[in-house]
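Notes follow once the structure below has been shown.
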Amino acid sequence: MLSAQAPVVQSPLGSAEVARRLVSLLLQGGYKPGDRLPAERQLGHDLGVGRSVVREALRSLSLLGIVDMRQGAGTYLTQVADEPVAKASELGRLLSARRVADLSTVSVHLEAVMAGFAAERRSEAAIADLDRLHADVASDRRPLSAIQIEHRFHTTVWSAATNHVLAEILASIRALLDAPLGRSMSATIDRRWIVDDHLQITEAIRYRDADMARAAMSSHMGRIGVGLRAFLEPLGDPRVEGSERGEHAVDDLQSPVDVLARDRT
Amino acid sequence: MTEPNLTTGVTVARKVLALLASNGLREGDRIPSERVLATELRVKRSVVREALRSLMLLGLLESRAGSGTFVAGADSEWVSTAIEWGLVLGVRNTVDLVEARSQLEVLAARLAAERRTAEDLDELRGIIEAMAVASDDRPRLTELDLAFHLGLARASHSNVLMHLLDSVRTLLKVWIARVLASKPAAELQGEYVEHGQILDAVIAADGDLAERLMREAMRKGQQSLAATLQAAASSETDERTDRLLVIRGTGATERLRPAPVLHEASR
């Protein structure tokens, strides 16, 4: 019923397209958080739309926390500290099972890549960070949930890997998957083996063994995927079926099982 | 009407999302009316309307003639848009971008081998055949090179990966063009052999091989880029070139702040 194919009408501004072009423009222009954007007239010219459309688009972006319109002082790309809606974890709760599968495929692969980079490039300071994290977790002074431990560990590995772009991509994906992961973890995943996985990956990074780091990260992500699948499956999410690429959604979440099976035999 | 301040806007937009999610809505579902949302959130309708417009701009909501407003469907681009905004708002530099692009291309090659359809293969074969006969037509070869990478990304059947690659390529556009321009046409054309081998691996559904071949192709590309960056650094001697960074594993350099240069070059 809901998928009735009524045509998608332009939003009042004709704006989704304007926003997309604006992202491209800002990406190509190399703007950074805190930078001042060109004047509205200039943006309108570059995007091939009227100034009022640009103004509407900027206004909407400011409501999303992406730009900051300062009265009489121009428009600025927001500082990350403002937590724009585009990065909000609330977004993740709206994801279909198919989309969760797609995001998790990309993140499983990139997490393994980053673990390999971390092993090749880690500084002594990065190792100290990882050790400190493990000490915090072990001390239990401030009990952390499984998902908090996960976040802190992966963020630390990304810093050790020193690729900001991949870290940014993974952070966005993780924010989106936060809700489904959080629910699946509390339901099905034992915190202790997560910590064991983390320790194993840390050792591989410490000894600069990139192959081992990648392999350990892959099986770790595989185990997380099993939990995610176990969580999504009983929901019988109908959105997986009937979609042209629905079969991949299932495949993607099954492959970690193979990893797990291999590990145990 | 006074301008709602930034914090209110962000808060309301997030509250709308949280409310939709707690009502069990997912991609493709119809959302409640403005009036209902306003009542639930205890804010004015005009404030809700603003928030909905912003979320439409992000591509997260779409309105359909005569049937209301919906959470965009699972084929829509909002997830990629959200990740793209993350990239816009995050730290980035050319070295990391080049490396990220390589890794994404490698994943695309693997997934393409695992998931390609007959139509995907037809398209990719067509591109390789065109490359083989394009001889020294440089613009055509450049175009086909891009078409091959786009075709592989499509064959990966990962919406997220396809759009990520697109954003990262956009960011590297100027550099990729420089690398291609610096190569002799003969070398460009020779690449069809390399691309053909990747395609063979994809046809054979051999993900490991496709991944390995793409990694090798990307490594060569990175070397060419490194050489290009080095040439650029030595030929331009303004104040921006005095802060140089070594590209990992290649010994070449890049500017620490490539952004302004990219901006000028794209004009």
Side-chain angles (χ1 to χ4, degrees), chain A residues 2-4 6-9 11-13 15-16 19-20 23-24 26-33 57 60-66 68 77-78 80 84-88 90-91 93-96 98-99 102-103 105-106 109-110 113 163-166 168-169 171-173 176 239 243 245 248, chain B residues 6 9-10 13-14 17-18 20-21 25-30 50-51 53-54 56-60 62-67 70-71 74 79 81-93 96-97 99-100 103 107 115 157-161 164 167 170-171 173 258-260 262-263 266:
Chain A
L2 296 174
S3 58
V8 174
V9 291
S11 57
L13 333 167
S15 55
R20 250 197 305 280
V23 188
S24 292
L26 297 181
L27 280 173
Q28 282 191 52
Y31 291 94
K32 300 220 157 70
S60 287
L61 290 177
S62 81
L63 286 183
L64 296 169
I66 290 170
D68 183 6
L77 202 53
T78 207
V80 181
V85 173
K87 288 185 155 187
E90 284 90 344
L91 290 173
R93 295 173 60 197
L94 296 164
L95 295 173
S96 61
R98 173 148 69 101
R99 192 83 84 162
D102 192 7
L103 287 166
T105 301
V106 174
H109 178 89
L110 294 182
V113 164
N163 183 313
H164 297 296
V165 172
L166 287 172
E168 197 64 55
I169 291 170
S172 297
I173 294 179
L176 286 164
R239 293 164 190 88
S243 59
R245 293 178 207 134
H248 296 311
Chain B
L6 177 75
V10 175
R14 292 183 70 145
L17 293 177
L20 298 181
L25 300 187
R26 302 266 193 104
E27 291 172 295
D29 290 345
R30 182 181 174 161
E50 285 275 2
R53 282 167 73 134
S54 294
M56 273 186 208
L57 183 112
L58 195 61
L60 183 67
E62 53 192 32
S63 82
R64 293 181 199 156
S67 43
F70 294 74
V71 181
V79 164
T81 308
I83 298 173
E84 271 189 337
W85 279 113
L87 278 178
V88 172
L89 298 171
V91 182
R92 56 183 194 273
N93 61 53
D96 290 353
L97 279 167
E99 194 170 82
Q103 295 302 331
L107 176 58
R115 301 170 168 186
H157 293 276
S158 164
N159 186 302
V160 170
L161 180 59
L164 272 176
S167 317
T170 301
L171 283 162
K173 207 156 122 187
L262 282 175
H263 190 51
S266 65

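By convention in this document, chain letters (A, B, ...) are assigned in the order of the sequence lines, proteins followed by strands, and residues within each chain are numbered from 1.
Expressed to the nearest 0.5 Å, how far CG of B:Leu161 lies from CG of A:Asp102 amounts to 8.0 Å. Considering CD of B:Glu84 and CD1 of A:Ile169, their distance stands at 10.0 Å, rounded to 0.5 Å. The CD1 atom of A:Ile66 sits 5.5 Å away from atom CG of B:Leu58, with the distance rounded to the nearest 0.5 Å. If you take CZ on B:Arg115 and OG1 on A:Thr105, they are separated by 5.0 Å, rounding to the nearest 0.5 Å.
Of the listed residues B:Val79, B:Leu60, B:Leu20, the one with more heavy-atom pairs under 4.5 angstrom with chain A than any other is B:Val79. In terms of heavy-atom pairs under 4.5 Å with chain A, the best-connected choice from B:Thr170, B:Val160, B:Leu17 is B:Val160.
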- Task: Dump the intermediate steps for side-chain contact (heavy atoms from CB on, under 4.5 Å) on A:Leu176 and B:Ile83, then the final yes or no.
- Result: CA-CA 9 Å; A:Leu176 286 164; B:Ile83 298 173; 4.2 Å; yes
- Task: Go through A:Leu63 and B:Arg53 one step at a time and tell me if the side-chain contact (heavy atoms from CB on, under 4.5 Å) criterion holds.
- Result: CA-CA 9 Å; A:Leu63 286 183; B:Arg53 282 167 73 134; over 6 Å; no
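Judged by distance alone, the side chain of B:Asp96 and the main-chain N or O of A:Asn163 form no donor-acceptor pair under 3.5 Å. Side chain of B:Arg26 to backbone of A:Leu95: a donor-acceptor contact under 3.5 angstrom is found.
Of all non-hydrogen atoms in A:His109 and B:Gln103, the two that sit nearest each other are NE2-O, 3.8 Å. Contact between A:Ser60 and B:Ser54 at its shortest, heavy atoms only, is O-OG, 3.2 Å.
The part of A:Val113 that comes within reach of chain B is its side chain, from C-beta onward, which places non-hydrogen atoms under 4.5 angstrom from that chain. With a threshold of 4.5 angstrom between heavy atoms, A:Leu26 approaches chain B through its backbone and through its side chain. When heavy atoms are compared at a cutoff of 4.5 Å, B:Leu107 approaches chain A by way of both its backbone and its side chain.
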